Amino acid sequence: MESPRILVQEAPFDAGTEIRHLGAASGQTGAITSFVGLVRDINENDQVAGLYLEHYPGMTEKQITEIVDEAAGRWRILAATVIHRVGQLYPSEEIVFVGMASEHRGDAFQACEFVMDYLKTRATFWKKERTPDGERWLTTRQTDLDAAKTWQR
Amino acid sequence: MIEVVFFASVREALGKDRMQMDPGDIDTVEDLLARLIREEDSPGREVLSGENLLVAVNQTMVEPTHPVASGDEVAIFPPVTGG
């Protein structure tokens, strides 16, 4: 795998550009998979007016790199990209992009899902939601913890 | 000195994002947390006794028994919610 493209930034990203970038990394690429996460406008039956994303500069990038390296150890990955936005975001905005390039689709699909499941449960980000009733910090969801567990060997 | 940094709801509860601690008799993460709980006077300090608190030393997640020494950066934060 060439060095993964890992960015933590406030600025938006363009998923199409990132996918093309992944495709250009290696002539052996036969499959590119990607995931885009968006800010939802309803969470736990409350209207979400905004989402603030905090992170731990330095540790967050280090962890994402470790997660991607672990994926590259398990599956044949030719190129990988993870972009996670931070700061003030609004409903329908894109928060995160994960993309994988591989020779075949099985590895690309699995690696993409694996990285997302681990991003949800390991990477040092914290979300604070703003609703009409006030602000609240989100807590890790059990469904995300369960999903991450399924990858344990 | 030990650099201690706080994030998210822990940061808000304590009213600060960082502080420095003299290592003194602190050998482990547990010792550091115990001293913080004893000495912190902000009303939100009970967040430090929370059972879901996470700790990293020099940007690696650790267990409470992990050693801490002068020059280390210790980060204290709640469960993560990225992705």
Side-chain angles (χ1 to χ4, degrees), chain A residues 6 8 35-40 43-44 51-67 82-86 89 94-98 112-129 134-145 147-148, chain B residues 1-21 28-29 32-33 36-37 40 42-83:
Chain A
I6 291 170
V8 177
F35 172 84
V36 172
L38 309 179
V39 180
R40 294 172 63 229
N43 188 29
E44 293 172 19
L51 192 66
Y52 178 75
L53 267 135
E54 185 168 335
H55 75 296
Y56 184 173
M59 181 164 181
T60 305
E61 294 87 339
K62 179 169 170 275
Q63 285 178 309
I64 298 175
T65 304
E66 284 169 3
I67 291 166
V82 177
I83 303 175
H84 200 303
R85 294 180 65 199
V86 290
L89 299 179
E94 297 173 342
I95 305 171
V96 60
F97 174 90
V98 174
C112 192
E113 190 170 8
F114 171 89
V115 168
M116 260 319 294
D117 287 343
Y118 273 28
L119 265 184
K120 285 270 185 194
T121 54
R122 293 192 179 183
T124 42
F125 293 102
W126 299 276
K127 287 175 179 163
K128 193 179 194 188
E129 241 174 24
E135 296 184 321
R136 61 182 173 205
W137 290 97
L138 301 187
T139 52
T140 318
R141 286 177 201 257
Q142 191 56 49
T143 49
D144 290 331
L145 292 166
Chain B
M1 294 300 263
I2 298 167
E3 183 81 11
V4 187
V5 292
F6 308 106
F7 292 96
S9 51
V10 174
R11 177 179 53 74
E12 284 185 353
L14 296 175
K16 57 192 165 198
D17 62 0
R18 60 181 55 238
M19 62 185 288
Q20 299 199 312
M21 290 177 78
T28 66
V29 162
L32 187 146
L33 285 171
L36 270 178
I37 289 166
E40 264 304 299
S42 50
R45 70 182 174 281
E46 73 257 15
V47 74
L48 295 167
S49 309
E51 55 180 34
N52 290 323
L53 217 52
L54 297 176
V55 182
V57 173
N58 300 329
Q59 304 192 351
T60 300
M61 297 292 300
V62 299
E63 293 295 315
T65 49
H66 195 275
V68 178
S70 193
D72 282 345
E73 177 170 282
V74 178
I76 302 173
F77 43 81
V80 299
T81 51

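Quick caveat, the model's predicted, so the values are computed rather than measured. In the text below, chain A, chain B and the rest are named by the order of the sequence lines, each starting its count at 1. Computation of the quantities below employed the complete heavy-atom set of this structure, encompassing side-chain atoms and omitting hydrogens, waters and symmetry-equivalent molecules.
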Minimal heavy-atom distance between T81(B) and T140(A), with the atoms involved, is CG2-N, 3.5 Å
Per-residue tally against chain B (heavy atom, under 4.5 Å) across T124(A), T60(A), V115(A), I95(A) peaks at T124(A)
By residue number, those in residues 61-69 of chain B with heavy atoms under 4.5 Å from heavy atoms of chain A are M61(B)
Okay, T139(A) and chain B: the region with an atom under 4.5 Å from a heavy atom over there is backbone
When every non-hydrogen atom of V80(B) is compared with those of R122(A), the smallest separation belongs to CG2-N, 3.8 Å
For residues 46-56 of chain B against chain A, heavy atoms under 4.5 Å, the residues are A56(B)
By ring pair (Phe, Tyr, Trp, His ring centres under 6.0 Å), F77(B) pairs with (sequence neighbours left out) W126(A)
Taking the side chain as everything from C-beta on, heavy atoms only, tell me whether K128(A) gets closer than 4.5 Å to E12(B).
yes
Within residues 2-9 of chain B, contacts to chain A at heavy-atom distances under 4.5 Å involve V5(B), F7(B), A8(B), S9(B)
Applying a strict 4.5 Å limit to non-hydrogen atoms, the region of Q63(A) in contact with chain B is side chain
task = Could you please spell out the steps behind the side chain to side chain contact (heavy atoms under 4.5 Å, CB included) verdict for T60(B) and K62(A)?
result = CA-CA 9 Å; T60(B) 300; K62(A) 179 169 170 275; 3.0 Å; yes
Tell me if a side-chain donor or acceptor on K127(A) pairs with a main-chain N or O of G83(B) at a distance below 3.5 Å. yes
